[in-house]
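The block underneath contains the structure these notes are about, expressed in structure tokens.
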There are 2 protein chains.
Amino acid sequence: MVRIKDIAKEANVSEGTVDRVLHGRGGVSKKTADKINKILERRNFSINPVASALATKNNHTIAVLIPEYSETDSFWKLPYLGLLKASEDVKNIGLNVNYFKFDQYNSNSYMEAFTNLIKMKPSAVILVPMFLKETRVIINELKKAGTKYIFLNVDVEGEDGSVYIGQDSYMSGYIAGKLMKLSLTDGYDCCIMQASTSTGDNQAIVKRIKGFKDYYTAIKEEIKLHELKVESFGDEVKLASSVTLFLEKFPNIKGIFVPSSRVSAVVKILSEEQKESLQLIGFDNTPQNVVCLKNDTVLFLISQKPFDQGYEAVRLISDYLIKSKALKRKLYLPIDILTKENVDYNDANQLMFESDLKYQ
Amino acid sequence: MVRIKDIAKEANVSEGTVDRVLHGRGGVSKKTADKINKILERRNFSINPVASALATKNNHTIAVLIPEYSETDSFWKLPYLGLLKASEDVKNIGLNVNYFKFDQYNSNSYMEAFTNLIKMKPSAVILVPMFLKETRVIINELKKAGTKYIFLNVDVEGEDGSVYIGQDSYMSGYIAGKLMKLSLTDGYDCCIMQASTSTGDNQAIVKRIKGFKDYYTAIKEEIKLHELKVESFGDEVKLASSVTLFLEKFPNIKGIFVPSSRVSAVVKILSEEQKESLQLIGFDNTPQNVVCLKNDTVLFLISQKPFDQGYEAVRLISDYLIKSKALKRKLYLPIDILTKENVDYNDANQLMFESDLKYQ
DNA sequence: CTGAAAGCGCTTACAG
DNA sequence: CTGAAAGCGCTTACAG
């Protein structure tokens, strides 16, 4: 391993001068800079990041704005765990991550959390941009402060210079369409079921539905697609009555596509016979959904590596802050097709982290 | 951040003594050890791994024994890239990774590579145990030397204390069976196609076939499964003639399952009409296979995250050597279901690494 | 424009 | 059983 000291000796300069060249801090004559650069190149020098981190006392604060999760609606738990894991990994190099949680159904709590966040003057921000209008305000403030930000899981259109890490929602819907086609015996219809209550997150759902429909258009199949908007997936009684009515009205429906993470809520209100005869496809490996997959009430789940989304978001920001690596406009994570059989293997990283947590 | 210095001051001892307690090096009176431990606990101290790594000059050597890859048979490229990426990540903390490559069809080259490997006296070894008999010899030597080892991608049965990182082959075959069933219109047969030349690697293939068949047993379908052993996937002429003959003999075959990474070789020798009418399912996202997926000649690929296998292997060994984290018996990575539509999103990590390589 | 010295937090001999 | 000091490789003021 070649060290700054070695370079300095060979160039007959001090270590400080080599350091200046290395980081382009200026204040070095062209002549010596050239000389040093040549040696650097020839000896294939690269900075020891460990020593660098120790000496620099990097003291960056990363702030995360993310919805809180609950027992029944646990989608946001996995991204959170991924963020947590990465936070540990980068603590070594002087990065501290702080969390600000909000209620995903309440835009006031969103803004409130942001107000607390911005007080910390973070070096960078990872946020789930749930409410469009409020998000514009937030982005403006961040831009004014010159703070870099990454959108996690939810994208915002028309923001140049923004970074999105998540799934290609359109394509994931398209794939759901393909799987539905495979699962349905010819001649049967399919129903797309969504909640009419908007959570601000529905941009992804709209795109998934578009992709789903486009698949059927592309293959030129004469399958009828019905659409049912239920009031909410949370209210079992209402959900049950509207679904039952709908299925009675269109008895040819044999497939149900739920483009949100709430397919398990639909399963809950189906009769045994319906569970037998209907093919359900949904999104996201929440614990409730996984149960349905395993007891054969849901055939496929499309999953979006929520744990990895969190993890990668922190890693990207970290590389940006420490190694000034450029950020890409979009980082699409895998579109996982989950079945009863492969769901348990799906997130090895996440499982390893969870078992580590247990032993602490 | 609380430092050793802070603990030492509070306990009225030197930093060296705190360090002894921290690492259980002994030579500390019970009384002072207790005192220090209490303070450590109360102040929630944890070692700064960056400073630790720098001071220790960890100088571990990890040796990797892996098949070389070629243009046409590029399966081993991705695990290699994953290993490379992780090597970079851990270089900071004093881990050096050395590679020893062998010809996967030649057991002599396997042993030769190992002979060179063992001369380096590595702290740990990652190996692809291709040849069973030779592998037993290798394992014996490693055990004698007290060197920890990890099996990558290929498992060896009946070695207690061994560690495997890869896929659950049985289950991946089972899933292939399920997908085949979905893809075949009722009443048609399916053919399982494998090469009779063994590469030592065929244990995984045997298990995949077992899983595939078991799926059909489990669902009690009356689908006929034919089996064709071709001489080699490398010889186009012979392959073409034996496949053609077989398909003529059993015209009811509409599905072909190739439980190795060579499905693209089969596509190559099919006629246009055959490509149209046959449903092919294979393994692994090699460039050639991905091409077939995209031009609709292969319907599904089961993939085993080869890049991640390499990456995780190094990370596990690193945690074992540096943080003395226990190694698990098996680490199963995801069983990915790849289609034309999601294949490009499948390995974000790998893509990011490859684009980094380009810019270097 | 350049160098000498101190320091980041932990570990390693060495001395007692 | 315990402490004082030097060192890991890089960075940061400060002096000139």
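Throughout, a chain's letter reflects where its sequence line sits, starting with A, and its residues are numbered from 1.
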Enumerate, in order of first residue number, the stems that involve DNA chain D, defined as 3 or more consecutive Watson-Crick or G-U wobble pairs with both distances under 3.5 Å. C:1-3 with D:14-16, C:5-12 with D:5-12, C:14-16 with D:1-3
Check B/Asp319 with B/Arg315, please: is the shortest side-chain N to carboxylate O separation under 4.0 Å? no
Indicate yes or no: at least one non-hydrogen side-chain atom of [X] is less than 4.5 angstrom from one of [Y].
X	Y	result
A/Lys330	A/Asp155	yes
A/Phe114	A/Phe102	no
A/Ile118	A/Leu142	yes
B/Tyr164	B/Ile150	no
A/Leu316	A/Lys325	no
A/Val21	A/Val18	no

For DNA chain C, which nucleotides open and close the run of contacts to chain B, 5' to 3', at under 4.0 angstrom from a non-hydrogen atom? C/dG9 to C/dA13
On DNA chain D, check which nucleotide each of B/Asn12 and A/Asp19 is closest to and give me the residue with the more 5' one. B/Asn12
Mapping B/Ala55 and B/Val13 onto DNA chain D by nearest heavy atom, which one lands closer to the 5' end? B/Val13
Listed in order of residue number, which residues of residues 26-36 of chain A have a non-hydrogen atom at under 4.0 Å from DNA chain D? none
Check: residues 7-14 of chain A side-chain donor-acceptor pairs under 3.5 Å, at least two apart:
from	atom 1	to	atom 2	distance (Å)
A/Glu10	OE1	A/Arg43	NH1	3.0
A/Glu10	OE2	A/Arg42	NH1	3.2
A/Glu10	OE2	A/Arg42	NH2	2.8
A/Ser14	OG	A/Gly16	N	3.4
A/Ser14	OG	A/Thr17	N	3.4
A/Ser14	OG	A/Thr17	OG1	3.3

Just jot down the side chain to side chain donor-acceptor pair (under 3.5 Å) partners of A/Lys38, sequence neighbours excluded, or say none. none
Name all residues meeting the side chain to side chain donor-acceptor pair (under 3.5 Å) criterion together with A/Tyr149; count only those two or more places apart in sequence or in a different chain, and write none if there are none. none
Just checking B/Asp6: base, sugar-phosphate only, or nothing, at a heavy-atom cut-off of under 4.0 Å? nothing
